[in-house]
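Values below: all heavy atoms of this structure, side chains included; hydrogens, waters and symmetry mates excluded. Chain identifiers are assigned alphabetically (A, B, ...) following the order of the sequence lines, protein sequences preceding nucleic acid strands; residue numbering begins at 1 within each chain.
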Amino acid sequence: MLDKNYDHKLVEEGKYEKWVNAGYFKGGLDKSKPPFSMVIPPPNVTGKLHLGHAMDTTLEDIICRYKRLKGYDVLWVPGQDHAGIATQAKVEEKLRKQGISRYDLGREKFLEKAWEWKGEYSDTIRKQWASLGLSVDYTRERFTLDEGLSNAVKHVFVTLYKEGLIYQGERIINWDPELRTALSNIEVIHQDDEGEFFHFYYDVEGSDEKLIVATTRPETMFGDTAVFVNPKDERYKHLVGKNAINPANGDPLPIMADSYVDIEFGTGAMKCTPAHDPNDFALAKKYGFPLIKVLDESAHMNELAGKYKGMDRYECRKALVADIEANGHLYKIEKMVHSVGHSERSGAVVEPMLSKQWFVKMTPLAEKLLNNQKSEDKVNFVPKRFENVLIRWMKNVDDWCVSRQLWWGHRIPAYYNKETGEILVSEVEPDMNLYTQDEDVLDTWFSSALWPFATMGWPNSEAEDFKRYFPTSVLVTGYDIIFFWVSRMVFQSLHFTDKAPFKEVLIHGLIRDEQGRKMSKSLGNGVDPIDVIERYGVDAMRYFITTNSTPGLDERYSETKMASSAAYLNKIWNACRYVEMTLGEDYKPALPNKKELTPIDAAILDKLQRVIKAVTKKMDEYQFGQASSILYDFVYDDFCSSYLEMSKVALQKGDSKATKDTLFYIMKSIILMIYPYAPFVTEEMYLSLPEHLDSIMLETYPTYDKNYLNAKAVKAVATLENMIKDIRNYKSTSGLAPNEKVKLSLSPKEPFKGASEYLARFSFASSITITKEELGGNTFLYSGMEMAVEEDIDKEALKAKLLKDEEKLIAEVSRGEKMLSNPGFVSKAPKAKIDIETEKLEKNKELLATVRAKLANL
RNA sequence: GGAUGCUUAGCUCAGCGGGAGAGCAUCGCCCUUACAAGGCGGGGGUCAUAGGUUCGAACCCUAUAGCAUCCACCA
């Protein structure tokens, strides 16, 4: 028997351990079942999980738990991501607080620290998974730096290299001067920052004219090789071919014309700095300019900056501008808002810089993805529109810079011959007396891209899990990492396994705070899932975060909705407690016998079938909000408010086996349908039911049974419910207490045999007369029936009420007639709709006639 | 500059071709024996605006406005 109060802490205690120990989360327990597989998006080992993770993983858990009950052999692979740059930044930050830099420690020692960090946060994450109740298969847990993944990474790198899809090249990349590493384009966050737009006078050789050139980054002027103008720009035509004098260092710069230059922008004259700007780099290639780097790895000026050597880029900017101003070459400084790239991880302003890096050639891989999306094996997105996001990005994708000047990660399997410098790219380490390994590691997403197949045992294509569970069934993730992760998994998987890594992708949005702001450390508005679990219970939190949103859209955290989710579970808990009390100790479950049902039982059983059908459909479509709302209406209104109360009539009479069976059957079905959302509390309820299995996890999802459909009962009970509602309403508006006694009469019959017993109970009727006579008193009309409250009533009030009824019915009848006399409607609307409208019109006409008769008699 | 999403009850949001919904808030009345984290009843919306398609539009199309997000460019 359940306790009087639902105490989430008591309910949650010990259950997760029990499930894990029983092995219920393991994939492959029964291989006669069809496989269903998923991989967890591996969280970064950078810290604790936040509410966004809770939503993402809960959605996955709901799917897994649902699919198990639906008879699948479910495998959900857990794991974590080493998160190269993110984790290294964290570890460095921690060291910095101790006054140590990574260079003080050296690579080996630093990596020890990083592994320590990883160990700590791995444990934290696993504890959080347990708190969330995630049914992941721990026997298959993976880490992106483990041996298997590392081998897969090497294999992929070497293969791509041999295929010419990985190359080393000197190009302009995004440089993070704080972490001192290259970044890929998508790791750069562009923000509109207020900056200064410096306009300088450039002297022109052999002319008295001065050219005004504008720049936002004066410190790069030491790397300038030319000044460009547009060939059509009349202002400067005559200067093309002459030299301008660089006011930073006095070097002559050829004035050249190229249509790349925008006449309207700035002064129309642009300085060209090939080693520090991607567009200038392209121009330099075109015209064969030298590539002059003036900044070092930490964005300090090098020897080319002369007296500014060693200064930080901003110090240099300030000093240089002051000097230029001093010698009369400053024209003006404009304030300007322009977009500035920042490192996603360190926040540092990214410096575009010429650098030798490893790149993945994207065009052939992107093409595979794009072609696949045109085929039958395409990856289906839920919601669909996100497919376009992916496609548009893949069509315009740049080559992927995969090398990082970090230590925490997969070291690039490229080796340089100590004597000849020749490159050897190999999965097997060569004789290290003769070779040195490339110092760089790979972008962390390089390994995450292999996650769905590498965790299944690939590159061993005979691995059991790979054969049985790959491709995976569905991937759940946020729209913010479609570029980073989803796209890369798809093209790598297509390239290496010839299959898309998953059939479907369910995209969810972000969780924001109550005011709709992004949760962030700097705002301090983050909500800790563990804290929420402490207060409301994990089931309530799971229910809230997965049912109060719609796929692909952001969601706000809401304290009141959180509380109402908890209240809902409490409601179910109490309903279950009541059912158990009612069934009694010696109750033996059986399917309700159709022949012995009361109309009340029959009606709820009919409704349940429809609910099962509708909920199942929504679950299959990953529409968890809609599924839960269908269930909610059923649980609250049909089951708790209506059926539980009405069934008391039969139960108190004694001969109620069918009603008890109905109660049990409905309650169990509800528990099973709520279970994927709220596994702990439903397990507790389930185990307190008679004749249960060892765990709700071993149960079967409710199935639609059309034998229990009974439209007649549903209609009769609906009429009864309307009568009860009308009386309640009548009392409320007449200032009567709800339990005020009233005398009722019905004409010419009751909604179903025995209905007046229910009516009496719920309307506190002291008597109910059934008569064929016309009813006096305050009358309510139903299709084919009337009900009246017997009392001395104010005739005027009654007349007013009837007139109101009449007015309403006239509107209804007119609507129906208009619709049905519309030839367009009759010829084009579906027959079912026409039937419904015809029936409705007839009913309303009948009611209208009755109202008019009553008015005439008054 | 390009793209996408959002605009529905006081607040937060569902619904996305056949008569406007939920939670919370609000107003009455109830400590009724599963549940006061409750019960019963009520009030509250020209579904952003303007056109169009359709027998029928909150829902489809086109424009407009506001808000948000993503991508690209920015000397």
Does [N] have OP1 or OP2 sitting under 4.0 Å from an N or O in the side chain of [X]?
{"X": "Ser629(A)", "N": "rG21(B)", "answer": "no"}
{"X": "Lys648(A)", "N": "rU33(B)", "answer": "no"}
{"X": "Arg728(A)", "N": "rC40(B)", "answer": "no"}
{"X": "Asn739(A)", "N": "rC30(B)", "answer": "no"}
{"X": "Tyr636(A)", "N": "rA34(B)", "answer": "no"}
{"X": "Gln626(A)", "N": "rA14(B)", "answer": "no"}
{"X": "Arg392(A)", "N": "rC71(B)", "answer": "no"}

Verify the distance criterion only: is there a donor paired with an acceptor across the side chains of Lys271(A) and Thr220(A) at less than 3.5 Å? yes
Are side-chain N/O atoms of Asp280(A) and Tyr260(A) paired as donor and acceptor at under 3.5 Å? no
Give, for atom [atom1] of [X] and atom [atom2] of [Y], the distance between the pair rounded to the nearest 0.5 Å.
{"X": "Ile391(A)", "Y": "Leu370(A)", "atom1": "CD1", "atom2": "CG", "value": "6.5 Å"}
{"X": "Phe544(A)", "Y": "Ser549(A)", "atom1": "CZ", "atom2": "OG", "value": "8.5 Å"}
{"X": "Leu848(A)", "Y": "Glu807(A)", "atom1": "CG", "atom2": "CD", "value": "12.0 Å"}

How would you label the contact of Thr267(A) with the nucleic acid (heavy atoms, under 4.0 Å): base, sugar-phosphate, or nothing?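 Thr267(A): no heavy atom of the nucleic acid under 4.0 Å.
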Contact class for Asp280(A) vs. all strands (heavy atom < 4.0 Å): base, sugar-phosphate, or nothing?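 The residue Asp280(A) makes no contact with any strand.
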Between [X] and [Y], how do the two ring planes meet: parallel, tilted or perpendicular, split at 30° and 60°?
{"X": "Phe639(A)", "Y": "Tyr643(A)", "result": "parallel"}
{"X": "Phe200(A)", "Y": "Phe198(A)", "result": "parallel"}
{"X": "Phe228(A)", "Y": "Tyr287(A)", "result": "tilted"}

Let's see if you can work this out: which of [options] has an atom nearest to the side-chain heavy atoms of [X]?
{"X": "Thr550(A)", "options": "rA14(B), rG19(B), rG5(B)", "value": "rA14(B)"}
{"X": "Lys840(A)", "options": "rC40(B), rU4(B), rG19(B)", "value": "rG19(B)"}
{"X": "Phe483(A)", "options": "rA37(B), rC16(B), rC70(B)", "value": "rC70(B)"}
{"X": "Lys725(A)", "options": "rG39(B), rG19(B), rG41(B)", "value": "rG41(B)"}

Salt-bridge criterion met for Glu645(A) and Arg761(A) (N-O under 4.0 Å): no
Is Glu196(A) salt-bridged to Lys335(A), going by a charged N under 4.0 Å from an acidic O?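 Result for this pair is yes, salt bridge flagged.
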Using heavy atoms and a sub-4.0 Å distance, could you list which residues of residues 571-581 of chain A are near RNA chain B? By number, please. Lys571(A), Asn574(A), Ala575(A), Arg577(A), Tyr578(A), Met581(A)
From CE of Met723(A) over to P of rC40(B), roughly how many Å is that when rounded to an integer?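 It works out to 20 Å between those atoms.
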I'd like a table of atom pairs between the protein and nucleotides 23-29 of chain B - only N or O on both sides, under 3.5 Å - with the distance next to each one.
| unit_1 | atom_1 | unit_2 | atom_2 | d |
| --- | --- | --- | --- | --- |
| rG23(B) | O2' | Ser564(A) | OG | 3.1 |

Quick one: look up who rG66(B) pairs with, Watson-Crick or G-U, both distances under 3.5 Å, and put none if it's unpaired. rC6(B)
